[in-house]
2 protein chains.
Amino acid sequence: MVGSALTTSVAAVIVAGGTGERFGDPGGKQLASAAGEPVLARTIDAFTACDLISEIIVAVHPDRISEFQGALRSSGVAMDSILVIAGGETRQQSVANGLAAIKGAHRIVAVHDGARPVVSADLIERAIHAIESKQCDGVVVGHPSFDTLKLVDDDRIVDTPDRSRYWVVQTPQVFLVDVLRAAHAAAVTDGYQGTDDASLVERNGGDVRVLEGPRENIKVTVPADLGFVEAILRSREDQE
Amino acid sequence: MVGSALTTSVAAVIVAGGTGERFGDPGGKQLASAAGEPVLARTIDAFTACDLISEIIVAVHPDRISEFQGALRSSGVAMDSILVIAGGETRQQSVANGLAAIKGAHRIVAVHDGARPVVSADLIERAIHAIESKQCDGVVVGHPSFDTLKLVDDDRIVDTPDRSRYWVVQTPQVFLVDVLRAAHAAAVTDGYQGTDDASLVERNGGDVRVLEGPRENIKVTVPADLGFVEAILRSREDQE
């Protein structure tokens, strides 16, 4: 199924609506500079560079739509290739708003965190192809945990689970559009909040698989992560 | 208890005896170059720079002792400040060999992976001070998982555990010497193999705590990690 015509039209929902509390800076992490370009602009660039993506929706804080539009335009983002919409109060609500804003009759949607600027067009493409080749409802990029995991109460270790069975997962998370919409609707009905979209699909009975991606696809969470991201981007440019 | 005289004499056991199967290169990851210096030499440098450490034991593959000694000497490691010994068949056995080789009457030992060259003297020191301030048997450096965790069977996600309770842990792992020795002895008796030293102490009833450290303290596992480490080191040098 890889390379099927069905995969050639995919929507992307990029969520950038958080308050970035852990980041500390009131300006937020999405517009913070990573090697001279806002984090979110770098993220969007990877999606516009991916030929399989034909519609990109970016959900931002409702009060900051024009500010984000201005910053992205100044950074050279092709504004006619994206739609900036108002996000919701939670990440989950922002994704739901994004799903509702999709215009095309796409079969597949890729959900991604705006604060993961190290993502590449190649990784997005691999995730999209994987949902076809694995014939499943969703594919989540991540990697098996390289480090030992500990279950912790306060600061005390209470268990060391078998790390070989645990994956650390990121975004992009790619789904059949209908399946993801149904999962979001069910979560609303049940009042369920998940930390990612896959958990919504999983609890709704969906078949979600993992796909191994690079560990450096980190989510900018604290300001120190920006130096980390810059280092990765610089290292990537050196290799080109 | 921080700053107690008892903390001023600490042994370090650095394990570098693995075959590095996942690394692929027959030369192994320990002597691979990270920004012009072997990974293991960078790791050792952080320990020699830590004033609290007064004895450093480096466990390497039994067939490669002289090769490692030569490479470390060429890299400017002060060879009179370290003892290179033969590691065992497993990481756990290598740590046990290191514990047996400690000469001084230290109360505390820091165990560290040779392949974590991003460690700093400051991080080692903080872990040593924490074992005093927390009055526990061991302290493990790590961080709460930033990303969602998934329990995976083959490539299929079967559960999304509550990530807020999970830490991703690294080394250094710092212990009371007597407690760690007893835990290793108990593991031998029971035929138990753990992925880290803390798990041995935990199962033997020890009180092990976590201490938050930087996420970039990664273990070089695959060759691509070297570029990642170089980027981090370069970014750190830029900040100095």
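We name chains A, B, ... by the order of the sequence lines, and we start the count at 1 in each one. Because only heavy atoms are used, hydrogens play no part in the values below, and waters and symmetry mates are left out as well, while side chains stay in.
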Check ion pair A:Arg116-B:Asp147 (N to O, under 4.0 angstrom):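 Answer for the salt bridge query: yes.
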
Proximal component of B:Asp225, with respect to chain A [non-hydrogen, under 4.5 Å]: side chain

Can you tell me which portion of [X] sits under 4.5 Å from chain B's heavy atoms? Options are side chain, backbone, both or neither.
| X | answer |
| --- | --- |
| A:Leu211 | neither |
| A:Pro161 | side chain |
| A:Val140 | side chain |

Which one, [options], leads in non-hydrogen pairs under 4.5 Å with chain A?
| options | result |
| --- | --- |
| B:Arg215, B:Glu216, B:Glu212, B:Gln170 | B:Arg215 |
| B:Val210, B:Thr195, B:Val169 | B:Val169 |
| B:Lys134, B:Arg209, B:Glu230, B:Arg203 | B:Arg209 |

Heavy-atom pairs under 4.5 Å with chain B, option from A:Ile232, A:Asp162, A:Asp159 with the top count: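 Heavy-atom pairs under 4.5 Å are most numerous for A:Ile232.
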
Criterion side-chain contact (heavy atoms from CB on, under 4.5 Å) on B:Val158 and A:Glu202, from CA distance to verdict: CA-CA 8 Å; B:Val158 294; A:Glu202 291 155 40; over 6 Å; no

Residues of residues 148-157 of chain B near chain A, each having a heavy atom less than 4.5 Å away: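 Counting heavy atoms that sit under 4.5 Å from chain A, the residues of residues 148-157 of chain B involved are B:Thr148, B:Leu149, B:Lys150, B:Leu151, B:Val152, B:Asp153, B:Asp155, B:Arg156, B:Ile157.
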
